[in-house]
Every structure is written in C-alpha cells, then in structure tokens.
Visitor: 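Sharing a structure here in structure tokens format.
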Amino acid sequence: MATTTQVVNVAARLAAMARERPDQIAVAMPGRRRGKQRRAYQTITFAELDQTSDRIARGLRLLGAPRGARLALFVPPSIEFIALVFGLFKAGAAPVLIDPGMGRGNLLGCLDEARPEGFVAVPLVHAIRVLMRRRYAGARWNVTVGRRWFWRGATYDSLLGGAWSGPELVETAADDPAAIIFTSGSTGPPKPVLYRHGNFDRQVEELRDQYSVAPGEIDLPGFPLFGLFNAAMGVTTVIPDMAPTRPARVDPERIVEAIGDWQVTQAFGSPAIWNRVGPYCQSRGIMLPSLRRVLSAGAPVDPRVLETMRSCLGDGGEIHTPYGATEALPVSTIAAGEVLAETQHAWRAGRGTCVGRRFPGIEWRIIAITDEPIATSDDVRDVPRGEIGELIVCGPVVTTYYERPEANAAAKIADPAGFWHRMGDVGYFDEHDRFWFCGRKAHRVITVDGTLFTDPVEGVMNQHPDVFRSALVGIGPQGQQRPVVVVELRPGRSPPADALFAELRQLAASNQVTERIQDFLIHPSFPVDVRHNAKIFREKLAVWAATQIG
C-alpha cells in the first residue's frame, strides 16, 4: 500500500489564513506624509497576499527555476519582500538571506559560499551581478524587483503574469530545504544555516503558543523575517519606517506613530530599538496602551531598558526577551516582570543574565566547556546544576549548517535521537531550570588565576552611572590573558578619565567576580553587529585594547 508524505510548508499556513480572513490586512507599508497630514499606507489583504505569492510561484515555475533552487533575495522590507518569500516557498525554491549591511567582503564571501542559482533583487544588486558575471556565472534564474537597467530577464511584474489562476504549492516535506540564512558573524565569519520547512513550521507553533498570539492582532516587526511568522499566524504586519540594518539609529517618533496609527498589539525589536523608544516615550509622557506584548532579542537586554520601556505600556502589557540563535530559535524566554522583581538583582551582583525557561519543544543540557569537537552524546559530560558550562540544545527548531562539514563537526553532537547543537554560549541552570547566560564561550578570558566570563563582569561594571555598556576582553595568549574592561560612556557624559578609572577599580574591587581586574579603557563607540546593533564585537575591541595597553 502506497504511503503519502505529509506536506509541510509554512506557506500553506498563509493559504489557510487567506481562506479564514480574506479581507483582513496582511501587510501595511508606510508611504510619504504630506505636510502635517496622517501618514498614508500601502496595504494588501491576506487573500491578495496569498494570490500574489501564488502568481510568483507560477512565474518561477514558468521561468524554469527548479525545485530547491537557491535564489539570493535582496529586497528591502516591503509588501514585495513578504510576497516573494512566500512565493519562493510555494515554488519549492530556497531563498538565500544575507544582511546587506555586513560589509562588502563578508557579503561577497557569503554569496561565494551559497553559490546562488539566481538573484531576486533590486536593480543595484543586479548591476553588480552583471558586472561580476564570471563570479556569478551559475545565476540563471534572475528577477529584477524594479526597473531593469542594462540587462535582460524577468521582472517582478512579469513574474506575476496575468490574473490569478489558482493555488500553487509544491508538496514539500519537513526535511526539505526551505532557506539559507547567514548568521550575523558576531564571533567569526558569517555561517550559512540551512532551514528546512519543518524548522519554520515549528517556529510558528512555538512562538504562537508561548505568547498566545491570536489571529487578528497587529505586529510591528523591527526585524524583517518576523513579518513572515505574522502572515502564517493571521497577524497584520505593519512595516516600520526604519533602516533594518541600523536599529540603534531608529527614529522613535516614527515607531510611536505607527503604533498609534494601527493600534499595534505586538512589537519585536532588538534592545537597541527599545533603548531609544522607551526614553523617548518616558520623557514625553507617551503611553502605548494598545501594546500587549513587546519582544526583544538579539543580545542580553539591560534591565534598565526593560524598566523604562515597560513603564510606557498599559495595564496588562508585558515585555518578553526570547533567547536563541540563528541556528536554534526560540530556545527560552522570560518576562520583564520576572526580571525586574527578581533576576536583575543577581545580574547586578555578577551572576549573569537569566534568559528564562525553555520552550516546550526544546531539550537542553549544560556540559563541561571545551573548544574541541564532540563526536557523540556518549562523549558529553554534564556539569552540576549551578556550575558554569556550555549550553547544548536539541529539538525541531534546531538547524544544521549548509555544506559546512567542519562547522557541523564543531557545533553538532550526534545522538541516537538526532543531534545536539552547541550554542556557543556558557552559563548555568538554577533550581527553577532557568538558564543564566554568562557570555559567549569564545569570549571567555582565561588568566593564570582562572577564567572570567563576560556577562557577569559586565553586569557589575555597567552599574556605574556614567557607563552605557562595558566589554570584558583579554590581551595575550590564552591561559595567560590580561583582563581589560572597555567602557562606552552614556551620551553627554565625559568624566575625567583618571577619576572614572579610579571609581571603576573601586567598583570592581567590591565584587569577587571582578576584584582581579585592574585595567580599564574608554572607547568612543563599540563595534556591534549589523542585525541587532547590540552584539559587541569583542574580538575587534581586544585588538584595539592591545594597542592601548603596553
């Protein structure tokens, strides 16, 4: 008797929402404002978005793009971006998603590694592709989103073709490739992560169920990919008026405007966004009563940011800080109420940042720290509860790297039930099975007197009123490293360096976590990741610090 494979494709969820809520607005995109008038928005309903993505999938099929084709997608956050991603999913193609702001060298390196078989992109990207035609000779299925300049081929409009002719959905299975997404490169060169359709489908379920997200809600996503989850959950996406690669420079007035215009119920953004929006609202007495939940991720969130932003929400509003990585998302979550009432006190005392309890679909363990590959779970040694070790996770949202055998060998641990992913983070479990993040494994500082971890040290040093953020780095060979704390001052603060360093040494001496640290430096502006503007590039700071200290 023949068996049929269950179709798993997150685009099928969009089709279901189009049937259930055809006239609900799926995406709203801000337009220009004329004078003092209310901003105009371009919108598309769920039925229109579903049919547009069907037409895109049909166009790709007629273009000859085969199932599994890797197509580099370079389109800014927009209705077209969301429609294209779902169209690619429906066609069985695999979009390649790379942060365009990561720098020319990293960007070209990512493209070389992904070897795209086509580009779906704005004209500037196609101009570069054509000028570098030898490098991208294998890119055959190309679509220009906008006007063609000096090349031929399909455009977004031609891909849409004529009227809608019916549903399009390749029968993909859970293990079929869905997308290649590159990491931010915060601890080394960006790595290609292979997402399968089952990964995306389970992510939608985990996020929806954990945060009780209901169809009909309205979300403002400060990270473009979250707009895809919204469409799969029947949630309206309001695209924010901001540069997605510069969240730390977001205009808070525009964020507040969009929340008010649409009565947004949920918003996602990096800590850098809320660090601007919260003070802006607080200083002007602005409340955001429609917001039921705010999500912030990408880096540990300073409790001061949570407190300021939470004061602007109405009754019942809450901030949640999901924890995870490009390779495994989501892993755990904690609410601001729990942080402010309990865990922030331990953070200030140098015990790390509590990132909460695991999602139901995640299993996790803390193992002894090692920089060597671990072949199988039989080679793993768990550490006692409360002891700092390395976090490993497994579950249906956990991914592998695309054609990176050395990276998979270094980060994956074979297990009879599948595999474990080494998060690259260190920390410990408390008595409530919460994970306390103590930093990246690669950033630990190993001195002759022992090992220092970044987050506990920085939690202590960030208490100084003039310090916006700090970073622990090590100078010298591992095992004999000299610990140095680099600080970035709060805007408008410029105390004399000698006086500040004396106060920082006194603060460090008051806690056993930091008492051995004697060296401090001031840096004008920390280098941070493009995606969230929150992860500190400590490797770069360490090189700089070595030039400052003899």
Visitor: Please tell me if the side chains of Leu228 and Ile82 come closer than 4.5 Å, counting only heavy atoms from C-beta onward.
Guide: yes
Visitor: What pair of heavy atoms forms the shortest contact from Pro95 to Ala178, and how long is it?
Guide: CD-O, 3.1 Å
Visitor: Using a 3.5 Å distance criterion without hydrogens, assess whether the side chain of Asn511 forms a donor-acceptor pair with backbone atoms of Ala349.
Guide: yes
Visitor: Going by heavy atoms in the side chains, are Glu363 and Arg358 under 4.5 Å from each other?
Guide: yes
Visitor: Would a distance-only check, ignoring hydrogens and angles, find a side-chain to backbone donor-acceptor pair under 3.5 Å from Trp274 to Gly269?
Guide: yes
Visitor: Going by heavy atoms in the side chains, are Leu329 and Val397 under 4.5 Å from each other?
Guide: no
Visitor: Does a sphere of radius 6.0 Å around CZ in Arg249 hold more than 12 heavy atoms from other residues, nucleotides or ligands, not counting ones at 6.0 Å or beyond?
Guide: no
Visitor: Under 4.5 Å between any side-chain heavy atoms of Thr321 and Leu306, yes or no?
Guide: yes
Visitor: Just checking Arg304: does its CZ atom have more than 12 heavy atoms from other residues, nucleotides or ligands closer to it than 6.0 angstrom?
Guide: yes
Visitor: Quickly, which of Arg293, Arg310, Arg292 forms a salt bridge (charged side-chain N to carboxylate O under 4.0 Å, His left out) with Glu318? Name it, please.
Guide: Arg310
Visitor: Quick one: does any side-chain atom of Thr183 pair with a main-chain N or O of Lys191 as donor and acceptor, under 3.5 Å?
Guide: yes
Visitor: In sequence, state the C-alpha distance, the side-chain angles, and the governing distance for Asn408 and Thr400, and then conclude on side-chain hydrogen bond (donor to acceptor under 3.5 Å, both in side chains).
Guide: CA-CA 7 Å; Asn408 282 318; Thr400 57; 4.9 Å; no
Visitor: Check for a donor-acceptor pair, side chain of Glu338 on one end and backbone N or O of Thr343 on the other, with a separation under 3.5 Å.
Guide: no
Visitor: Are any of the side-chain heavy atoms of Phe182 and Asp99 separated by less than 4.5 Å?
Guide: no
Visitor: For a quick test of reading the model, state the closest non-hydrogen atom pair linking Phe200 to Ala179 and the distance between them.
Guide: CE1-CB, 3.8 Å
Visitor: State, to 0.1 Å, how close Leu169 and Ala11 come at their nearest heavy-atom pair, and which atoms those are.
Guide: CD1-CB, 4.2 Å
Visitor: Distance-only criterion, 3.5 Å: show the donor-acceptor pairs between side-chain atoms of residues 419-427 and protein atoms not counting sequence neighbours.
Guide:
unit_1 : atom_1 : unit_2 : atom_2 : d
Trp420 : NE1    : Asp415 : OD2    : 3.3
His421 : ND1    : Lys412 : NZ     : 2.7
Arg422 : NE     : Glu390 : OE2    : 2.7
Arg422 : NH1    : Glu372 : O      : 2.8
Arg422 : NH1    : Ala410 : O      : 3.2
Arg422 : NH2    : Thr370 : O      : 2.8
Arg422 : NH2    : Glu372 : O      : 3.3
Arg422 : NH2    : Glu390 : OE1    : 3.2
Arg422 : NH2    : Glu390 : OE2    : 3.3
Asp425 : OD1    : Arg440 : NH1    : 2.7
Asp425 : OD2    : Tyr323 : OH     : 2.5

Visitor: Using side chain to side chain contact (heavy atoms under 4.5 Å, CB included), reason through Ile517 and Val457 one step at a time and then give a plain yes or no.
Guide: CA-CA 9 Å; Ile517 300 173; Val457 168; 3.7 Å; yes
Visitor: Tell me whether Arg404 is salt-bridged to Glu406, with the criterion being a basic N under 4.0 Å from an acidic carboxylate O.
Guide: yes
Visitor: Do Leu207 and Val213 have side chains that get closer than 4.5 Å, going by heavy atoms?
Guide: no
Visitor: So which atom in Gly474 and which in Ala542 form the shortest heavy-atom distance, rounded to 0.1 Å?
Guide: O-CB, 4.1 Å
Visitor: When you measure from the side chain of Gln481 to the backbone of Ile446, do you find a donor-acceptor pair of N or O atoms at a distance under 3.5 Å?
Guide: yes
Visitor: Nearest 0.5 Å please: distance from the CG atom of Leu521 over to the CD atom of Glu488.
Guide: 13.5 Å
Visitor: About how many Å separate CG of Asn275 and CG of Asp302, when rounded to the nearest 0.5 Å?
Guide: 8.0 Å
Visitor: Can you name the one residue among Arg202, Gln210, Arg208 that meets side chain to side chain donor-acceptor pair (under 3.5 Å) with Glu206?
Guide: Arg202
Visitor: Could you tell me the separation between the CZ atom of Phe223 and the CG atom of Leu295, rounded to the nearest 0.5 Å?
Guide: 13.5 Å
Visitor: Please check if the number of heavy atoms outside Glu307 that lie under 6.0 Å from its CD is greater than 12.
Guide: no
Visitor: Could you walk me through whether Met242 and Ile273 pass the side chain to side chain contact (heavy atoms under 4.5 Å, CB included) test, one step at a time?
Guide: CA-CA 10 Å; Met242 60 173 283; Ile273 292 178; 3.8 Å; yes
Visitor: Quick one: pull up CG in Leu97 and OG1 in Thr326 and give me the separation to the nearest 0.5 Å.
Guide: 11.0 Å
Visitor: Would you check if there is a donor-acceptor pair between the side chains of Glu327 and Tyr401 at a distance under 3.5 Å?
Guide: yes
Visitor: Less than 4.5 Å apart, side chain to side chain, heavy atoms only: is that true for Leu472 and Glu458?
Guide: yes
Visitor: I would like to know whether Gln478 and Asp371 meet side chain to side chain contact (heavy atoms under 4.5 Å, CB included); could you show each step before the answer?
Guide: CA-CA 12 Å; Gln478 195 174 78; Asp371 294 315; 4.1 Å; yes
Visitor: Supply the atom-to-atom distance Met29 CE to Asp241 CG, rounded to the nearest 0.5 angstrom.
Guide: 9.5 Å
Visitor: Hey, does the side chain of Asp379 reach the backbone of Ile374 with a donor-acceptor pair shorter than 3.5 angstrom?
Guide: no
Visitor: Is there a donor-acceptor contact under 3.5 Å from the side chain of Arg276 to the main chain of Val250?
Guide: yes
Visitor: For side chain to side chain contact (heavy atoms under 4.5 Å, CB included), just list the numbers for Tyr428 and Ile366, CA-CA rounded to whole Å, side-chain angles, deciding distance to a tenth of an Å, and then say yes or no.
Guide: CA-CA 7 Å; Tyr428 60 92; Ile366 301 289; 5.6 Å; no
Visitor: Return the CG to CG distance between Leu194 and Asn199, rounded to the nearest 0.5 Å.
Guide: 7.5 Å
Visitor: Hey, is the main chain of Val27 close enough, under 3.5 Å, to the side chain of Thr236 for a donor-acceptor pair?
Guide: no
Visitor: Please report the closest heavy-atom contact between Leu84 and Val145, naming both atoms and the distance.
Guide: CD1-CG2, 3.9 Å
Visitor: Please check: side-chain N/O of Ser470 versus main-chain N/O of Val487, any donor-acceptor pairing under 3.5 Å?
Guide: no
Visitor: With heavy-atom distances below 4.5 Å as the criterion, would you say the side chains of Val467 and Met461 are in contact?
Guide: no
Visitor: Taking Ala114's backbone N and O only, do any of them form a donor-acceptor pair with Arg70's side chain (distance below 3.5 Å, no angle check)?
Guide: yes
Visitor: Do the charged groups of Arg13 and Asp201 touch, with an N to O distance under 4.0 Å?
Guide: yes
Visitor: Could you pull out all residues at least two apart from Asp430 that satisfy side chain to side chain donor-acceptor pair (under 3.5 Å)?
Guide: Arg434, Trp436
